[in-house]
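Let me begin by presenting the structure, written as structure tokens, before commenting on it.
Below, chain A is the first sequence line, B the second, and so on; all start at residue 1. Worth saying up front: this structure is predicted, and the values here are computed from it rather than measured.
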There are 2 protein chains.
Amino acid sequence: MIVMHEDVGQLLREHGLQVTAQRSATIRAVSSHPHATADELIDDVRAVIGSISRQAVYDTLSVLVEKNLVRRIQPAGSAARYEDRVGDNHHHLICRGCSKMFDIDCTLGAAPCLVADEDHGFEIDEAEVIFWGRCPSCLKADAAENAAKEAARPGPSGTSRRGR
Amino acid sequence: MIVMHEDVGQLLREHGLQVTAQRSATIRAVSSHPHATADELIDDVRAVIGSISRQAVYDTLSVLVEKNLVRRIQPAGSAARYEDRVGDNHHHLICRGCSKMFDIDCTLGAAPCLVADEDHGFEIDEAEVIFWGRCPSCLKADAAENAAKEAARPGPSGTSRRGR
DNA sequence: ACCAAATATTTGACTCAGTCCAGAGTTCAT
DNA sequence: ATGAACTCTGGACTGAGTCAAATATTTGGT
């Protein structure tokens, strides 16, 4: 985690933003709960400063993203997540089973660690990489489930139903 | 584009699916409108077969994704998109301005073209890569807009307001 | 310290994408 | 042709996020 200013207000002011309890608490929440969704952050902020509107959190988050103090990740099939590791070009690994998300450091050098040959004349500013797979505990759960199914239906019947 | 069976029904049957006009039309729509959203596909299918429920299209799409006949891409900030290029491990380039999406062939060999060192014990099955940037026409539009702003306000005032 | 202007926050309604459900309609193997 | 299994429809519903107007707070100059 990047060195956290004890004085979050300082950080806000440096970026031309007014300092409010809501914003400070939101920044701290992002910092202490990496990969949290907006809703989780709202809960966390409420636990700290008592109450805040959903709107204020969304607004703060989008301002922070705009100022590049926070990165927003939006994996398929789940709400957006936020983290405060910015500028170090790392990637993400997500479990298809439980949706847990892990950081993966990029081993290929500086950003963007991938270069597209055919850039269609674009000015590319980011290469976003997401690895999809199954985490160890979901793998174990899958294995257990399959074993259970085998036990329940010992003889493989010839029914060619579509598997769901 | 992959060779399209004239007989889409064949393709469906091969994968253990029943053949219906709705499904055939949906497959054709995906094939002829790469990167379309579900809503666009619904419109297209309706134009071809007259009417279909949103549900049927969503259902068909998810079945096709499950059978690996169609790939689903869900970029941040927009609805899911579908394409029929599967199995050839290409990536995507999206414009931050107009959200247009382009295919980029992977130049690094076979899938997964990226390997994560630290895999946290995962069984990784896919590396999804999205390049973000600005397309040539949006770059031009930006330049024009900036020029206009400069003209309107010749002297750079010292106001350090937060830009929105 | 105080005031006015600028900026934030709240509240509540609203949009958009997608899902769930139960009943009616089709498809396919026999 | 028939029936069981599968698919489609229509409508209600959910969750994530956005919009806009009114209210409250912060800030900079005096």
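- Between the C1' atom of C:dA8 and the CZ atom of A:Arg23 lies a distance of 6 Å, rounded to the nearest Å.
- With hydrogens and angles ignored, the 3.5 Å screen pairs a side-chain donor or acceptor of B:Arg23 with a backbone N or O of B:Gln18.
- We find that OH of B:Tyr58 is positioned 12 Å from P of C:dC16, with the value rounded to whole Å.
- Each of A:Arg81, A:Glu83, A:Arg85 was evaluated against A:His35; a single residue qualifies, A:Glu83, per the side chain to side chain donor-acceptor pair (under 3.5 Å) test.
- With rounding to whole Å, A:Ile49 atom CD1 is found 13 Å from C:dA8 atom C1'.
- Atom-to-atom, CD of A:Gln74 to C1' of C:dC16 comes out at 13 Å; the value is rounded to the nearest Å.
- For B:Gln18 and B:Ala80, each mapped to the nucleotide of DNA chain C holding its nearest heavy atom, the one lying further toward the 5' end belongs to B:Ala80.
- A salt bridge is defined here as a Lys NZ or Arg NE, NH1 or NH2 lying under 4.0 Å from an Asp or Glu carboxylate O, and A:Glu126 with B:Arg96 meets this definition.
- Taking only side-chain atoms of B:Ala56, from C-beta outward, the nucleotide of C:dT27, D:dC8, C:dT19 with the closest atom is D:dC8.
- Among the protein residues, B:Gln55 comes within range of the nucleic acid bases, having at least one heavy atom under 4.0 Å from a base atom.
- Listed candidates were C:dA8, C:dG18, C:dA17. Nearest to the side chain of B:Asp39 is C:dA17.
- Counting to the nearest Å, the C1' atom of C:dA22 and the CG atom of B:Asp59 are 15 Å from each other.
- Side-chain proximity of B:Thr60 to D:dG17, C:dA8, D:dC8: nearest is D:dC8.
- Atom CG in B:Leu12 sits about 15 Å away from atom C1' in C:dT26, given to the nearest Å.
- In this structure, B:Ala76 and B:Trp132 approach most closely via the heavy-atom pair O-CH2, 3.8 Å.
- Comparing B:Ala38 and B:Ala21 against DNA chain C, the residue whose closest nucleotide sits nearer the 5' end is B:Ala38.
- At a threshold of 4.0 angstrom between heavy atoms, the contacts of B:Thr20 are confined to the sugar-phosphate backbone, with no base atom among them.
- The aromatic ring centres of B:Phe131 and B:Phe102 sit 6.0 Å or more apart.
- To the nearest angstrom, C1' of D:dT7 lies 19 Å from NE2 of B:His15.
- Note: CD (A:Gln22) to P (D:dT25) measures 9 Å, nearest angstrom.
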